[in-house]
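Remarks on the structure that follows.
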Amino acid sequence: MPELPEVETYVRDLEPELSGRSVIGASVQWDRTIAAPSVGEFLARIAGQRFVDFDRRGKYMLLGMERDGNRGDTLIIHLRMTGEVHIYPLDEAIKMKDKHTHVVLILDDGRHMHYRDQRKFGRLWLVDDPAQVLARLGPEPLGEGFTVDGFAHSLAKRTAAIKGLLLNQSIVAGVGNIYADEALFLASIHPLRSGSSLKPAELDRLIESIRVVLMRGIEMKGSSLQNYIRLDGMKGNFQEEHKVFRRTGQPCITCGTLVERIVVTQRSTHFCPTCQVMK
DNA sequence: ACCGGAGCCTGTTAGC
DNA sequence: TGCTAACAGGCTCCGG
């Protein structure tokens, strides 16, 4: 489940592999993977562009390119649920290409970059201005723009459960199901509390908790449950530090109460009913 | 504006 | 054992 730490790990791993490399050709096996432009235009435009900038916004990877020394397009990749990116030497690429490999970029050093996605939810964009794709995203949780005042404003009058609101990318960008559950546990906030019910001290605690779990997630190179693997095929390690996520029926590490699982806004949600009270 | 639910996908697991 | 149904959770779209 790639969320902010997993995507950040991908961007950091991609930079040394791709920086300065040009795309000399491409193929698309599942058209819907390309969100924009059309597949034909994507193939025509990406050839001849060179990777120069590497960034992330929320769960989007931003791979900035240039053409003939001039500013080019940005290749945006969103992994959604099961997306993976791999770079292989030619002989290995031929062996590794399978029915889940939906996009192949051929690099000028002969290696192939694969976009692979079991469930086909992930998307790629090739755009001259990333802003159009990223327009609805809220602040970066690890940046200065994520403030108590702004967070309070976003949650005011919100009757929905805080768990669901944390998954809303226009409120804060990059938090997904794993890190939402872990942050709420760390902040001792019940996932069903309404957004508007949270007091300033709780918002403060929640912001800090979101930052702590995301930073630790990045340090551990992400959480590998069933699907997420890194560029080089290695797993992340943060799953070993999960306090509540997928720990249903196991004792809370703080108080020993058994961790419960409920469904909130169509998402499985894990929490300690003793440490995270409704108040 | 906000909220909840359907739909997109496929592999794995639970249950009959 | 073999089948089907439920589940996994990223996001967009739609109706109320």
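Naming: A, B, ... by sequence-line order, numbering from 1 per chain. Below, all heavy atoms of this structure are taken into account, side chains as well, without hydrogens, waters or symmetry copies.
Interface remark: the R267(A) side chain does form a donor-acceptor pair with the dG10(C) base, using a distance-only criterion of under 3.5 Å.
Residues V103(A) and I24(A) do not share a hydrophobic cluster, clusters being chains of Ile/Leu/Val/Met/Phe/Trp/Tyr side chains in contact below 4.5 Å.
Note on K99(A): a side-chain N or O is less than 4.0 Å away from OP1 or OP2 of dG11(B). At the phosphate of dG9(C), OP1 or OP2 sits under 4.0 Å from a side-chain N or O atom of R246(A). Between T82(A) and dG9(C) there is no side-chain N or O to OP1 or OP2 distance below 4.0 Å. Residue R32(A) places at least one side-chain N or O closer than 4.0 Å to OP1 or OP2 of dC9(B). The phosphate of dT10(B) has OP1 or OP2 within less than 4.0 Å of a side-chain N or O from K120(A).
Between the NZ atom of K157(A) and the P atom of dC3(B) there is a distance of 12 Å, given to the nearest Å. Rounded to an integer number of Å, the gap from D181(A) CG to dA8(C) P is 11 Å. In this structure, I76(A) places its CD1 atom 15 Å from C1' of dC11(C), rounding to the nearest Å. Taking atom CG of N177(A) as the reference point, atom C1' of dA8(C) lies 10 Å away to the nearest angstrom. When the P atom of dC9(B) is taken as reference, atom NE2 of H100(A) falls 14 Å away, rounded to whole Å. The distance between atom CZ of R119(A) and atom P of dG9(C), rounded to the nearest whole Å, is 9 Å. Protein atom CZ of R57(A) is 12 Å distant from nucleotide atom P of dC11(C), rounded to whole Å. Atom P of nucleotide dG9(C) and atom CG of L167(A) are separated by 10 Å, given to the nearest angstrom.
A side-chain contact (heavy atoms from CB on, under 4.5 Å) with F271(A) is found for one member of H190(A), K163(A), K243(A), R261(A) and no other, namely H190(A). Each of V85(A), T82(A), L79(A) was checked for a side-chain contact (heavy atoms from CB on, under 4.5 Å) with D117(A), and the lone residue meeting it is T82(A).
dC3(C) sits 26 Å from dC9(B) when the P atoms are compared, rounded to a whole Å. Atom C1' of dC11(C) sits at a distance of 22 Å from the matching atom of dT12(B), rounded to the whole Å.
Take the nearest nucleotide of DNA chain B for S154(A) and for Q266(A): the residue whose nucleotide is more 5' is S154(A).
Closest to the side chain of R136(A), out of dA6(B), dT12(C), dG9(C), is dT12(C). Nearest to the side-chain atoms of Q169(A) among the listed nucleotides dG10(C), dC11(C), dG4(B) stands dC11(C). Taking every side-chain heavy atom of R80(A) into account, dC11(C) is the closest of dC9(B), dC7(C), dC11(C). Considering only the side chain of Q118(A), dT10(B) comes nearest among dT10(B), dG5(B), dC2(B).
For Q250(A) (side chain) and V259(A) (main-chain N/O), no donor-acceptor pair under 3.5 Å exists by modelled atom type.
Here S268(A) lies in heavy-atom contact (under 4.0 Å) with sugar-phosphate atoms only.
In this structure, the aromatic ring of F121(A) is positioned over the six-membered ring of the base of dC8(B), centres within 5.5 Å and planes within 30°.
With respect to the salt-bridge test (charged N to carboxylate O, under 4.0 angstrom), the residues E208(A) and R205(A) do not qualify. Under the 4.0 Å criterion applied to side-chain N and carboxylate O atoms, R57(A) and E140(A) are assigned as salt-bridge partners.
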